[in-house]
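Just so it is clear, the values below take in all heavy atoms, side chains as well, and ignore hydrogens, waters and symmetry mates. Source: prediction; values computed, not measured. Proteins come first, then strands; the chains are lettered A, B, ... in the order of their sequence lines, and each starts at number 1.
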Amino acid sequence: MINDINIDNTINSGQVFLWEKDGNKWYGINGNDVIVIEKNTNKILTFTNKKCDFFRNDDNIVKIINDIKKDIVIKYAILLSPGLRILRQDPFQCVISFITSSNSNIQKIKTTLLRLCNKFGEEVNFCGKRFNLFPSPKALSNASMKELIGCGLGYRARYVRSASQDILNGIIDFKQLRNTDYYTSRDQLTKVSGVGQKTADCILLFSLDKLDAFPLDRWMVRCMHKYYNALFQIDEKLTRRKYEKAHDDIIDYFGVYSGYAQQFLFKMERDIKLKKWL
DNA sequence: TCGGCACCTGCCTA
DNA sequence: ATAGGCAGGTGCC
């Protein structure tokens, strides 16, 4: 079915890091919840037993895909990863994950985040397995620099603690960010230390319902050069202004669901280069 | 505003 | 096998 979710393509598209496949099931940490999903049947279980909107079932994927398929490149990318969806992640975990991701790689991001969970997250048992939930803002706010660096965060340790404090203090309020427009939310988020434009876009797209966010990392910049050189002029080195201009040009082209276009293109480029996922 | 640079550290590749 | 380069950027000057 055209509107079926493909879990492999969705988990292995660089949005999430704390997921593990075992047999025909995927196990993932999402904030203070554990999500288990069975491949093929897409049957979902959650540790908290709460209704799971992680896979954005409310998205009208037929409409979205119809809206973004503006040219042959994006059409091909969509064809390559059927059932790929944007996720609706726990915002705090998303903030910490993408602060951690800066100037790093997927494998290292994953080990670092796992260490954070093991050290600061609550241990729970679910489906016959043991998990550590994602640490709370309070837990990471109270962590010492030494402990955080010990998890492999490196120079990002101070960003992680500072961001956790901002969220604990309510300087950053996810409810408010979710209910406002992309531009306002982005300006709020980039005030957080360690959150630049690219990281802000990831947080907005993957956890705050801003489907008009289009994270421009080095993969996407290369991608835009490769296929869209005639449409957009995107410098290899993006300053704040140039990043914003590039974003606006891209939204003008791909439309309000540009974030979905980004995810398909990102997935395609990494798959072409045989880059490993989780 | 813009360009240049340092930056933790563990993967990955040659 | 193992040393060195590099990785989904960011802040500071």
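If you check every strand for non-hydrogen atoms under 4.0 Å, Thr100(A) touches nothing. Nucleic acid contact for Phe266(A): base, since at least one base atom lies under 4.0 Å from a heavy atom of the residue. As judged by a 4.0 angstrom heavy-atom cut-off over every strand, Thr111(A) is placed among residues touching the sugar-phosphate backbone only. Counting any heavy atom pair closer than 4.0 Å across all strands shown, Glu269(A) reaches no nucleic acid atom. As judged by a 4.0 angstrom heavy-atom cut-off over every strand, Arg115(A) is placed among residues touching the sugar-phosphate backbone only. Residue contacts for Ile99(A): at a heavy-atom cut-off of 4.0 Å it reaches no nucleic acid atom on any strand shown. Among the heavy atoms of the strands lying under 4.0 Å from Arg241(A) are primed sugar atoms or P, OP1, OP2 only; no base atom is included. Note on Val221(A): nothing from the nucleic acid sits closer than 4.0 angstrom, heavy atoms only.
When all heavy atoms are compared, the tightest approach of Ala261(A) to Ile68(A) is N-CD1, 3.8 Å.
Phe206(A) and Ile251(A) fall into different hydrophobic clusters, where Ile, Leu, Val, Met, Phe, Trp and Tyr residues are linked whenever their side-chain heavy atoms come under 4.5 Å apart, directly or through other members.
Between the side chain of Tyr155(A) and the base of dG11(C), no donor-acceptor pair under 3.5 Å is found.
Residue Thr199(A) has a polar side-chain atom (N or O) positioned under 4.0 Å from OP1 or OP2 of dT10(C). For the OP1/OP2 pair of dA7(C) and a distance below 4.0 Å, the side-chain nitrogens and oxygens of Arg218(A) include at least one atom meeting the criterion.
Comparing atom distances between the Lys242(A) side chain and each of dG10(B), dG3(B), dC12(B) picks out dG3(B) as nearest.
Stem regions for DNA chain C, each three or more consecutive Watson-Crick or G-U pairs with both distances under 3.5 Å and listed by first number, read B:3-7 with C:9-13, B:9-14 with C:2-7.
Salt bridge Lys210(A)/Asp201(A): absent, no basic N to carboxylate O contact under 4.0 Å.
Thr111(A) is not listed as a side-chain neighbour of Phe17(A), based on a closest heavy-atom distance of 4.5 Å or more. No side-chain heavy atom of Phe266(A) sits under 4.5 Å from any side-chain heavy atom of Leu84(A).
Taking the six-membered ring for Trp and the full ring otherwise, Tyr227(A) and Tyr76(A) have centroids separated by 6.0 Å or more. Proximity of the aromatic rings of Phe232(A) and Tyr253(A) is defined here by a centroid distance below 6.0 angstrom, and this criterion is met.
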